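Below you'll find the structure, written out as structure tokens, and then a few comments.
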There are 2 protein chains.
Amino acid sequence: MAGSCFAEVLSDLVELTGAEQAALEKLEERQRTVRRGAVLQRENEKCGELYVLRKGLMMSYVLLDDGSRQILRFLFPGDMLGVSSMIYREAPETLAALSDCIVSPFDRSALSDLMTRHPRLSAMVLVYCQVERVSLTDRLAALGRTSAKARVAALLLDLRDRLRTTDKSVEDAFQLGLTQEEVGDATGLTAVHVNRMLRQLEEEGLIARDSGRVTLRDERALARAANYVNRFEGLDLSWLPRPA
Amino acid sequence: MAGSCFAEVLSDLVELTGAEQAALEKLEERQRTVRRGAVLQRENEKCGELYVLRKGLMMSYVLLDDGSRQILRFLFPGDMLGVSSMIYREAPETLAALSDCIVSPFDRSALSDLMTRHPRLSAMVLVYCQVERVSLTDRLAALGRTSAKARVAALLLDLRDRLRTTDKSVEDAFQLGLTQEEVGDATGLTAVHVNRMLRQLEEEGLIARDSGRVTLRDERALARAANYVNRFEGLDLSWLPRPA
DNA sequence: CGGCCCCTTGACTAAAATCAACGAAAGTGG
DNA sequence: CCACTTTCGTTGATTTTAGTCAAGGGGCCG
């Protein structure tokens, strides 16, 4: 199996040259499986490698002193994992697999080399990180200023959009590969309250549920309730340097 | 007035070459003043330039549909503003001045050029953005999983640390250049509740207040209450490429 | 079959928001 | 320089939102 998952994400943004594709494929030469529930990197432990997620669903989270968990981000195929760990001696967050996964590990220096040799890819890595950053600020605003229901709605919309980038067959229904506790840890709620919010969304006809499968029945109303924006849209990359 | 504020931030991390310093100074050739309360960039409007903040205190925020505001970040001298706006047609956040400020505006293409010509600076811009990203995730965890008191304590510690990087004379006391409403919009609380939390911190002897000036009286206890980490510490940049 | 994990629901509690009022301080305009 | 307005901080009373505690049910796995 060849091809670079990260390159696929980037090639939605610009047309890559052969040399650029080759450089990205080199990052994903190696492969490794990660079992559901396994931890790839643990918070406060020495930083290891970086990864590209090739297959499966992962998450990054932090644990607070009182034992509570905040899920920072869900990770989908094509996502680059552990970029922030690259810059620290100790990892600022834990990376764990929510399903059986395949990742491609690579070294800090590999990314450093790539950035030196391919200035345009370097800029695109920055773009990718900024998209992530803006998504984080969306979630920050959601946690700070929106209701429990809005946060759950936003999470559902976001999950659907992210799943669709990999699997075009996803339309308005998808398997929610998360427990309600995980949804709670992502939205800053308790599992009990997540349950109530899902029920409420269901009663209002905004979603339907059937054994872990969620259907978005009224996307317009959900998006309105959630203040949701897909941050992979509306990009302007006209300023990118010419390919080397 | 010469010298690059952003270069000063970076030179705390590695020793810059003359060429690198010159390149960074070029970004800050121009200067512009911004009045207290003025807006440099407005959410959803066409993205303009990027900036380096040279002097003063600014903030970035978003407004939600119901009119509530979430402050995403406070900006200090040496910070680069609007990097995320660079990649979008429309700005994802508003940039506003909390005090009279001086900024150096520059063009997307100027940063793009710099990244092409100076691979190591390119990597350092990425590092800078990742520090910002990790700080955002700290705040995300604070909003999602910590009490009102802890959030206010964390904000005070963070402000102090950021002020100290510019002004070494700041020890445990500083002018809180924010209204309680602004503190609330940053921490996801109401101004009224912020007031009560400040009072409580004061009553417990963790801080003292006098006409807008805050003194941290028990930093240890504050940091414990707040789960606070200074993200400019603990970096490992040994992987950075050689300077060009 | 039994145990565990996850979902569900009700009753109750705690945390933070809301509403309202007032005083002090800081600008503003004559 | 003074009257006026506005902003900001403070406080109490009350309401709303979400958390906590507890119990039971369904499905899956060993």
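In what follows, every heavy atom counts, from backbone to side chain, and hydrogens, waters and symmetry copies are set aside. Predicted, not measured: the structure shown is a model, and the values here were computed from it.
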Subject >> Whole angstrom value for the distance that separates C1' of dA18(D) from CG of Leu143(A) >> reply: 14 Å
**OP:** Can you measure from CZ (Arg133(B)) to OG (Ser84(A)) and round to the nearest 0.5 angstrom?
**Re:** 4.0 Å
Original post:
Quick one: do the Gln41(B) and Thr94(B) side chains pair a donor with an acceptor below 3.5 Å?
Top reply: no
**OP:** Starting at atom CD of Gln200(B), determine the distance to atom C1' of dT10(D), rounded to an integer number of angstrom.
**Re:** 15 Å
Original post:
How about Glu28(B) and Ser4(B): does a side-chain donor come under 3.5 Å of a side-chain acceptor?
Top reply: yes
**OP:** Supply the atom-to-atom distance Leu40(A) CG to Tyr51(A) OH, rounded to the nearest 0.5 angstrom.
**Re:** 4.0 Å
Original post:
Between dT10(D), dC6(C), dG9(D), which one does the side chain of Thr179(B) approach most closely?
Top reply: dG9(D)
Original post:
Whole Å only: how far is the CD atom of Gln180(A) from the C1' atom of dG19(D)?
Top reply: 16 Å
Subject >> Separation of Ser60(B) OG from Gln70(B) CD (nearest 0.5 Å) >> reply: 9.5 Å
Original post:
Taking CG from Leu178(A) and P from dC5(C), how many angstroms apart are they, rounded to a whole number?
Top reply: 18 Å
Subject >> Phosphate OP1/OP2 of dC7(C) contacted by Asn195(A) side-chain N/O (<4.0 Å) >> reply: no
Original post:
Taking the six-membered ring of Tyr61(B) as reference, does the NZ or CZ atom of Arg69(B) fall below 6.0 Å from its centre and within a 45° cone about the axis?
Top reply: yes
**OP:** Give the rounded distance in Å between these two atoms: CG of Leu198(B) and P of dG9(D).
**Re:** 9 Å
**OP:** For nucleotides 12-27 of chain C, just jot down a letter per nucleotide in 5' to 3' order: B, S or -, based on protein non-hydrogen atoms under 4.0 Å.
**Re:** ----BSBB--------
